[in-house]
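These notes are about the structure you will find just below.
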Amino acid sequence: MPALSNEQLPILAGALLRLRGLTLAAVFDATGIRAANLSAWLKGKPQVISAARVTALLYHLGVQGGQVRSDMVHSWTDQGDWAHLRTVFNLLQEPVAPRCLFLDEHPGMSHTRFLQWGEAWVRLSLTPGPTAQDDLAAMVRPDRMIVLPVALEGIPTQDPRELASVLLSLAEQGGQEIPSGELAHGFMQHLGAPPGQGFSLTEGDSLGWRILEATLRKAMRAGMNPAMLAFKIDLLVLGGANAAPGRNEDSA
């Protein structure tokens, strides 16, 4: 991948520090970089720490050669508009690596997700802000999304090989794959948005909405456009009362 610039390296390191919840004192214990020097470097002051120490710092934060390390399970926590997570994804775009996002249906303010990023594994603990769009897929742009039948929060993350075995086994046993590419990212989140909706998305309905999404994708791949789909649904639900083209509204 193109090497990150000297200006980008502190930005990446700062985002990773916050995602991992590390203090400057903890980094000093692990790398020997003094807190005052690290603080100045993170604020953009050049040549405060050597190139070798920058490499050691990024390695400690989980990045080697411009990629997330595959010999550990990364644990990242973010909230609000997920600014730190966006920074990492923006800066580590290349080389392009396959991404598979694992989700669950566990309710709550915070959501646990797992991302297989090439050979690396990332555990994401995310809390959206009160007005933020909970649309992780739009940021990650995964090649695959799989909904697992268990809560992901309790899955152990000590060993990447063990984690991979558990998640892939769960996917084979009862995972529901959500096709991606044909519909706009955030489809499910838009359906679940509370303001102005004539229906409420209950927890029991959640899987059904995902099945609906998959069915819509299949129909669009078969050549149906959104207007045709809306017309078919209107015919089914309303018996054609509002959908029949050219109908005289006074004839009812």
(request) For S50, check side chain to side chain contact (heavy atoms under 4.5 Å, CB included) against everything at least two apart and list the hits. (result) A52, R53
(request) Would you check if the side chain of N37 reaches a backbone N or O of I49 as a donor-acceptor pair within less than 3.5 Å? (result) no
(request) Find out if a path of hydrophobic residues (ILVMFWY) with successive side-chain heavy-atom gaps under 4.5 Å connects L57 to V54. (result) yes
(message) Counting neighbours of CD on E153 that are heavy atoms of other residues, nucleotides or ligands and sit closer than 6.0 Å, is the number greater than 12?
(response) no
(request) Give me the other members of the hydrophobic cluster that L148 sits in, counting Ile, Leu, Val, Met, Phe, Trp and Tyr linked by side-chain heavy atoms under 4.5 Å, directly or via other members. (result) V73, F102, F114, W121, I146, V150, L152, I155, L163, V166, L167, L168, L170
(request) First locate atom CG of L124, then atom CG of L136, and finally report the distance between them rounded to the nearest 0.5 Å. (result) 6.0 Å
(request) State, yes or no, whether a side-chain contact exists between L126 and L85 at a heavy-atom distance under 4.5 Å. (result) yes
(message) As a quick check of understanding, evaluate side chain to side chain donor-acceptor pair (under 3.5 Å) for T127 and S110, giving each step before the final call.
(response) CA-CA 4 Å; T127 304; S110 296; 2.5 Å; yes
(message) Please report the interatomic distance OG1(T31) to CG(L61), rounded to the nearest 0.5 Å.
(response) 8.5 Å
(request) Please collect all ring pair (Phe, Tyr, Trp, His ring centres under 6.0 Å) contacts where either partner lies in residues 50-75, sequence neighbours excluded, each pair once. (result) H74-W76
(request) Write down the atom of G66, the atom of L92, and the distance for their closest heavy-atom approach. (result) O-CD2, 3.4 Å
(message) If the condition is side-chain hydrogen bond (donor to acceptor under 3.5 Å, both in side chains), which residues does E172 pass it with, not counting sequence neighbours?
(response) none
Result block: side-chain N/O donor-acceptor pairs under 3.5 angstrom for residues 39-46, not counting sequence neighbours:
none

(request) Would you please indicate if the ring centroids of F89 and W82 are separated by under 6.0 Å? (result) no
(request) Taking atom CZ of R69 as the centre, report whether more than 12 heavy atoms of other residues, nucleotides or ligands fall under 6.0 Å from it. (result) yes
(request) Please name all residues satisfying salt bridge (Lys or Arg N to Asp or Glu O under 4.0 Å) with R20, sequence neighbours left out, ordered by chain then number. (result) none
(message) Within this structure, what is the OG1-CG distance for the pair T23 and D29, rounded to the nearest 0.5 Å?
(response) 7.5 Å
(request) May I ask you to decide whether R113 forms a salt bridge with D104, counting only side-chain N to carboxylate O separations under 4.0 Å? (result) yes
(message) Please give me the minimum heavy-atom distance between G174 and P149, naming the atom from each residue.
(response) O-CD, 3.7 Å
